[in-house]
**Student:** 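Below is the structure I would like to discuss, written out as structure tokens.
Scope of the values below: all heavy atoms of this structure, side chains included, with no hydrogens, waters or symmetry mates.
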Amino acid sequence: MNALRDDESRVHMSPPAIVLAMLGVGALPIWLTLRTVAASDANVTTPLGYTWSLSLWIVPVLVLLPWWLRQRDAADRRAAVSTVACLASLGALLDIVFGNSFFTFPNHDANLALLTWGFDLRSGEWVRSIPIEEYAFYVFGIAACLLIYLWSDRVWFGLYHRDTTLNRGRARPWAGALVGAGLVLVASAWKTFVLQAPGFPAYFAFLVAFAFIPASALYPMVAHCINWRALSFTGVSMFLLSQIWEGSVAVTNGWWGYRAEAMIGIYVGAWGGVPIEEPFLWLLCPFTTIPVYHALRQRTWRASARQLAG
């Protein structure tokens, strides 16, 4: 796996070897995660299951990071680091401000019991209830998404790599905002009038406001830069891994859960009752990460060009 090298975006492994390496990168963390599930006649326990499951994102990062560090483009490195920092901070904000209103963490044996403070909107108090694993997930999950895309763009689908320095469009914040507002209104109406369930779909509203709308606004500016084959590969990889993670073991074993009053009210029974917001989140993840990266990449490149010209 460490044989993945980038000399002018070329890799010194045969395609079959790369496929085997990709299978290994996926199989190892899946095995590490599933081995935490210990069944007995009385119950099912998952000691440190949440902690070990982070390998689903840490392993791809560790494998691809040496390749990425060999890249000679300083603007690309700055844009990638800024993307991870920006989106991971957004995830941390979600947990700090809304974590206690949206989520539950009933299985205390599934994490390291290193809890951080989060605000409880219902009581108006700060509560120490957010596992430290949450913040690790935001950093490594977003980093894995971005690195998989960058490697796919430069190597696996390198023939379709596009110029990332040209700016052929302008951001359109109002179009995305209107569509996002419409989605939230539809979700709220469905919950209120069709399901007749109490509460507002606040989690869905957060995802729309802080992920869907920014990505939609940036799309016209960066669409020409995106390697869609690499993006589709990244999206499918992230979605499948997330469903193995969340749908198979996490929610069913209480690593985390969701407060019904903050959800739309549509659940996937085959995945242990995962709310519909989660498949939406996992589909949205690469479609937010990649436009943000390309937008920052263009900004960083233009700033570097001005410095050279000056």
Side-chain angles (χ1 to χ4, degrees), residues 9 57 61 64-65 68-69 71-94 138-158 160-181 183 206-239 280-310:
S9 298
W57 318 112
V61 169
L64 293 175
L65 191 60
W68 179 75
L69 290 174
Q71 302 300 298
R72 301 180 179 88
D73 192 336
D76 177 78
R77 291 197 296 271
R78 287 196 294 270
V81 171
S82 298
T83 299
V84 174
C86 176
L87 296 181
S89 298
L90 180 61
L93 177 67
L94 167 65
Y138 292 128
V139 173
F140 287 105
I142 294 166
C145 178
L146 183 57
L147 285 173
I148 291 171
Y149 171 78
L150 292 176
W151 180 81
S152 302
D153 175 43
R154 312 287 173 78
V155 178
W156 198 234
F157 298 100
Y160 305 97
H161 175 71
R162 298 186 176 188
D163 188 349
T164 60
T165 61
L166 299 177
N167 186 354
R168 298 178 182 173
R170 303 178 65 179
R172 297 176 183 175
W174 294 111
L178 289 174
V179 174
L183 290 173
F206 181 94
L207 297 178
V208 169
F210 291 96
F212 176 82
I213 291 178
S216 300
L218 292 173
Y219 174 77
M221 186 174 69
V222 301
H224 66 283
C225 299
I226 296 174
N227 183 334
W228 287 99
R229 292 164 180 82
L231 179 57
S232 63
F233 176 77
T234 304
V236 170
S237 300
M238 293 293 292
F239 186 79
F280 176 70
L281 167 65
W282 289 110
L283 290 173
L284 192 60
C285 178
F287 290 96
T288 300
T289 303
I290 307 314
V292 168
Y293 159 76
H294 279 299
L296 291 173
R297 176 71 179 80
Q298 289 188 22
R299 180 180 179 181
T300 304
W301 180 85
R302 289 197 299 272
S304 300
R306 285 195 295 269
Q307 290 178 357
L308 291 175

**Student:** Before giving the answer on side-chain contact (heavy atoms from CB on, under 4.5 Å), spell out for F157 and L231 the whole-Å C-alpha distance, their side-chain angles and the decisive distance to 0.1 Å.
**Tutor:** CA-CA 10 Å; F157 298 100; L231 179 57; over 6 Å; no
**Student:** Check whether any side-chain heavy atom of F233 sits under 4.5 Å from a side-chain heavy atom of I148, and report yes or no.
**Tutor:**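 Sidechains of I148 and F233: in contact.
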**Student:** Is there a side-chain contact between F210 and L94, using heavy atoms and a 4.5 Å cut-off?
**Tutor:**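 Heavy-atom side-chain distance check fails, nothing below 4.5 Å.
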**Student:** Locate the shortest heavy-atom distance separating M238 from G141; write the atom from each residue and the value.
**Tutor:**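 In terms of heavy atoms, the two residues are closest at CE-O, 3.8 Å.
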**Student:** Specify the closest pair of heavy atoms between A211 and L284, including all atoms of both residues, with the distance to one decimal.
**Tutor:** CB-CD2, 3.4 Å
**Student:** Can you tell me how far the CG atom of L150 sits from the CG atom of D76, to the nearest 0.5 Å?
**Tutor:** 6.0 Å
**Student:** Look at the rings of W282 and W57 and say which category their plane angle falls in: under 30° parallel, 30 to 60° tilted, over 60° perpendicular.
**Tutor:**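 Ring orientation, 0 to 90° scale: parallel.
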**Student:** Drop me the distance from I142's CD1 to L147's CG, to the nearest 0.5 angstrom.
**Tutor:**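 Separation between the atoms: 12.0 Å.
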**Student:** Carefully, step by step, assess L207 and F212 under the rule side-chain contact (heavy atoms from CB on, under 4.5 Å).
**Tutor:** CA-CA 7 Å; L207 297 178; F212 176 82; over 6 Å; no
**Student:** Below 4.5 Å, heavy atoms only, C-beta onward: do T289 and Y149 meet side chain to side chain?
**Tutor:** no
**Student:** Restricting to non-hydrogen atoms, name the atom on V61 and the atom on A144 that form the minimum distance, rounded to 0.1 Å.
**Tutor:** CG2-N, 3.6 Å
**Student:** Can you name the closest pair of heavy atoms from D153 and A230 and give their distance?
**Tutor:**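 That closest heavy-atom pairing would be N-CB, 3.5 Å.
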**Student:** Kindly indicate whether the side chain of W156, heavy atoms from C-beta on, has any atom under 4.5 Å from the side chain of R229.
**Tutor:**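 A side-chain contact is absent here, since even the closest heavy-atom pair is not under 4.5 Å.
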**Student:** Which heavy atom of A177 sits nearest a heavy atom of I213, and at what distance?
**Tutor:**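 Residues A177 and I213, closest heavy atoms: CA-CD1, 3.8 Å.
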**Student:** W68 and L64: side-chain contact (heavy atoms from CB on, under 4.5 Å), yes or no, with the steps?
**Tutor:** CA-CA 6 Å; W68 179 75; L64 293 175; 5.9 Å; no
**Student:** Rounded to the nearest 0.5 Å, what separates atom CZ in R78 from atom CG in L296?
**Tutor:**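 With rounding to 0.5 Å, CZ (R78) is 11.5 Å from CG (L296).
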**Student:** Nearest 0.5 Å please: distance from the SG atom of C145 over to the CZ atom of F287.
**Tutor:**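 If I round to the nearest 0.5 Å, the distance is 10.0 Å.
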**Student:** If you take all heavy atoms of I226 and H294, which pair is closest and at what distance?
**Tutor:**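 Closest approach of I226 to H294, heavy atoms only: CG1-CD2, 3.9 Å.
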